Amino acid sequence: MPASSLEQIVSLAKRRGFVFPSSAVYGGLGSTWDYGPLGVELKNNVKRAWWKSVVHDRDDMEGLDAAILMNRLVWKYSGHEATFSDPMTDCRNCKSRPRADHVFVAQKGRDPKGLVEINAAIAAKELKCPKCGSTDLTEARPFNLMFRTTVGAVDTGDDSGLAYLRPETAQGMFVNFGNVLDTMRRKLPFGIAQIGKAFRNEITPGNFTFRTREFEQMEIEYFVRPGEDEAAHQAWIDARTQWYVDLGMRRENLRQREQEKHELAHYAKRCVDLEYRFPMGWSELEGIANRTDFDLKAHSRSPENPDAVGELKYFDQEKKQHIVPYVIEPSAGADRATLAFLCDAYDESLVKEPAAEETTKLRELVHSFMKSVEKRDPKQMDPAVKERLVAAADKIAAALPASLPELVALSDDADANRIEVWKKVKGAAERLAEDHTRTVLHLHPRLAPITVAVFPLKKNEPRLVEMARSIKSNLQKAGLRAVYDDTGAIGKLYRRQDEVGTPYCITVDFQSLEDHTVTVRDRDSMSQERLGAGELGTSLRGKIS
Ligand code: GAP
């Protein structure tokens, strides 16, 4: 069963060392996350798979790692200083600050035609504050999303040292177009790929790592002759879709959405979003845009740009003239892709029905939790929070024992944890889940944080331990991510590895001591085969490539 809520993914991610809330010892910093030991492996594997596919496996691509801090003029001429903003309005009644375009879409059922139409609707009292319902809203003003910082030891108080943390990696590739072209002796079409951090002071971050203020992008700028742009664009749309599918993402959870004319950025001729069916609904995973010659022209010396030192153009040998190439930009998020692969891989099922009386007892506990929530004074708990908790608990109670995983996922909920009886619900749910459910991450073997785990059948049998440790070391030497574990019974160790997506587990038993064979268990089919210890490296490498 796939995750029915993002909370199930968040709960597993925290429990099993994929992602932790950042700065938790000081109460955290809203919507910032740290990748833990398994999360960093998974995200690195996603980035590695992307790099291999778009740089190493192709003949028309080069890599780049540009600086995060760039000359402020880059952001002036890219248009970010003037236009990279969200329109915000202030509610004079409840002092909240919603995004005016979101309010417009929610209340009018369509996108606004710019700030002017939003402000006309606000002036006509047609829009209401989504929090308190008041129509007393201020005129919407653009709020720039770029993080500002100061370069240099002295903050002079003016803007002379002003720099921005880059809000996209793309500009680093545009301004290096000439360097890559010249040093690598490239001919059109060719592209530049880059992975790196980007920062945006998002007004509404959320949905776990889906939208954060600090994130990583995996972007490509692919330069083509004007006239060849449309075919190249379509080829990239197809190639990028196939990349996700080749790494195990289910096709039915992935779709291409053509942006409508009014959604297109001012520089884009066409843009197709690859969307994934996240537990919270279809949402953007990657945007693939035809940016025409906008960016190379914007950073070239011209009457509009007297600050640039030269022109970013290409000498076409055939036509014996300079041209400005068009750019196709497949722009993906490393964090979003990692989250999508996690969601897609997640599978939780009830392997054994708990006894009827155990389920009844748990349901009664959930009902007493609901009663405690309902009794809470509105001063102690916001009515909206009460409503949310009661609705979630009611839905779960009705579907027990099948909804056990959702109940376990709710165990971290900060509001639920303020209710005393919740501790009992949590304890009982976790005990039942431990014995009756199986969680598996069906990650593609190339993405899995650990490729193979090696166990001795008995940890107090030195010969089994020694052989298991030696097999693990040989697998490491063969370039595989291998770990050794003897901290539980074999069944429990399998379950732990299933939960973090390890595709293969090896058990060293007494037969191994005699014939040098071991059992290799497959995570997805749970089938086991006996293989010679000496052939493990080659066999497993073959399976994951
Ligand atoms: N250079 C084009 C560009 O940056 P974008 O649609 O703003 O386009 C591209 O961003 C991708 O970067 C998105 O599809 C998403 O995967 C990722 N991304 C953007 N903002 C993000 C955020 N706040 N948190 C996480 N990922 C984000």
Side-chain angles (χ1 to χ4, degrees), residues 1-4 6 8-20 33 35-53 208-210 216 218 240-254 274 276-279 285-286 332-349 405 409 437-454 475-476 479-483 485 493-506 520-527 539-545:
M1 208 184 359
S4 56
L6 199 58
Q8 284 169 263
I9 306 294
V10 180
S11 165
L12 174 83
K14 283 192 207 163
R15 207 169 61 240
R16 297 309 316 270
F18 282 88
V19 180
F20 307 125
W33 302 93
Y35 285 83
L38 298 184
V40 65
E41 297 291 344
L42 173 61
K43 189 169 150 188
N44 279 345
N45 288 345
V46 169
K47 291 190 282 184
R48 216 172 278 133
W50 183 86
W51 193 266
K52 179 172 170 352
S53 145
F208 195 30
T209 53
F210 179 81
E216 256 181 304
M218 308 188 290
R240 292 298 307 137
T241 307
Q242 195 56 39
W243 181 77
Y244 292 99
V245 175
D246 287 347
L247 285 171
M249 195 170 280
R250 276 167 287 182
R251 192 63 187 81
E252 67 268 25
N253 289 340
L254 195 59
L274 296 187
Y276 178 74
R277 199 204 313 244
F278 287 95
L285 193 53
E286 168 164 354
D335 307 271
R336 261 188 215 179
T338 303
L339 180 61
F341 282 120
L342 259 183
C343 292
D344 213 69
Y346 187 92
D347 178 17
E348 184 133 31
S349 55
T437 62
R438 175 174 183 242
T439 307
V440 188
L441 286 185
H442 296 283
L443 288 168
H444 189 285
R446 260 198 282 146
L447 297 185
I450 298 168
T451 312
V452 54
V454 188
L475 291 171
Q476 283 173 316
L480 294 168
R481 172 79 175 133
V483 297
D485 196 359
L493 296 180
Y494 282 157
R495 278 234 302 279
R496 262 191 223 153
Q497 295 298 332
D498 287 346
E499 215 182 2
V500 300
T502 307
Y504 305 106
C505 289
I506 290 174
V520 180
R521 180 229 192 218
D522 181 286
R523 173 198 66 199
D524 297 335
S525 65
M526 291 199 278
S527 64
S539 165
L540 293 182
R541 285 201 72 81
K543 283 179 200 269
I544 70 165
S545 60

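It should be emphasised that the depicted structure is a prediction, and the values quoted were computed from it without experimental measurement. All residue numbers refer to positions in the sequence shown, counting from 1.
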* Counterpart residues, side-chain contact (heavy atoms from CB on, under 4.5 Å), relative to P279 (two or more places apart) -> L6, C343
* **Heavy-atom side-chain contact between V452 and V483 under 4.5 Å** => no
* Structure fact -> Scanning both residues in full, the closest heavy-atom pair of A49 with W243 reads O-NE1, 3.4 Å
* With sequence neighbours left out, what residues match R541 under salt bridge (Lys or Arg N to Asp or Glu O under 4.0 Å)? -> none
* To do: Check whether any side-chain heavy atom of E286 sits under 4.5 Å from a side-chain heavy atom of Y244, and report yes or no.
  => yes
* **Residue list, side-chain contact (heavy atoms from CB on, under 4.5 Å) with A334, at least two apart or on another chain** => K43, K47, E216, M218
* Asked: Sequence neighbours excluded, which residues qualify as side-chain contact (heavy atoms from CB on, under 4.5 Å) partners of T451?
  -> L480, R481, I544
* Is there a donor-acceptor pair under 3.5 Å between the side chain of R336 and the backbone N or O of F210? -> yes
* Asked: Within the distance-only criterion (no hydrogens, no angle test), does the side chain of D347 pair as donor or acceptor with the backbone N or O of M1 below 3.5 angstrom?
  -> yes
* Partner set under salt bridge (Lys or Arg N to Asp or Glu O under 4.0 Å) for D485, not counting sequence neighbours -> R496
* **Set of residues satisfying side-chain hydrogen bond (donor to acceptor under 3.5 Å, both in side chains) with respect to R446, sequence neighbours excluded** => none
* With a 6.0 Å cut-off on ring centres, are F208 and W33 close enough? -> yes
* **Y276: side-chain hydrogen bond (donor to acceptor under 3.5 Å, both in side chains) partners, not counting sequence neighbours** => D344
* Do M249 and V245 touch side chain to side chain, with heavy atoms closer than 4.5 Å? -> no
* Could you tell me which non-hydrogen atom of L247 sits nearest to which non-hydrogen atom of H444, and how far apart they are? => O-CB, 3.4 Å
* Asked: Got a second to check how far E41's CD is from L447's CG, nearest 0.5 Å?
  -> 12.0 Å
* Set of side-chain contact (heavy atoms from CB on, under 4.5 Å) partners for A3, sequence neighbours left out -> Q8, I9, Y346
* To do: Working to the nearest 0.5 Å, report the span between CG of L441 and CD of Q497.
  => 11.0 Å
* **OG1 on T502 to CG on L443, rounded to 0.5 Å** => 9.0 Å
* Asked: Got a sec, which residues hit side-chain hydrogen bond (donor to acceptor under 3.5 Å, both in side chains) with T338, two or more places apart in sequence or on another chain?
  -> none
* Heavy-atom side-chain contact between V40 and F18 under 4.5 Å -> no
* **Six-ring centre of Y504, R521 cation under 6.0 angstrom, axis tolerance 45°** => no
* Does the pair E348/R438 count as a salt bridge with the N-to-O cut at 4.0 Å? -> no
* To do: Evaluate the side-chain contact (heavy atoms from CB on, under 4.5 Å) criterion for residues L42 and Y35: first the C-alpha distance (whole Å), next the side-chain angles of each, then the deciding distance (0.1 Å), finally the verdict.
  => CA-CA 9 Å; L42 173 61; Y35 285 83; over 6 Å; no
* Asked: Going from CG on D498 to OG1 on T439, what distance comes out if it is rounded to the nearest 0.5 angstrom?
  -> 9.0 Å
* Partner set under salt bridge (Lys or Arg N to Asp or Glu O under 4.0 Å) for R277, not counting sequence neighbours -> none
* Structure fact -> Residues at least two apart in sequence or cross-chain that pass side-chain hydrogen bond (donor to acceptor under 3.5 Å, both in side chains) with N45, listed by chain then number, are R48
* Sequence neighbours left out, what passes salt bridge (Lys or Arg N to Asp or Glu O under 4.0 Å) with R523? Give chain and number order. => none
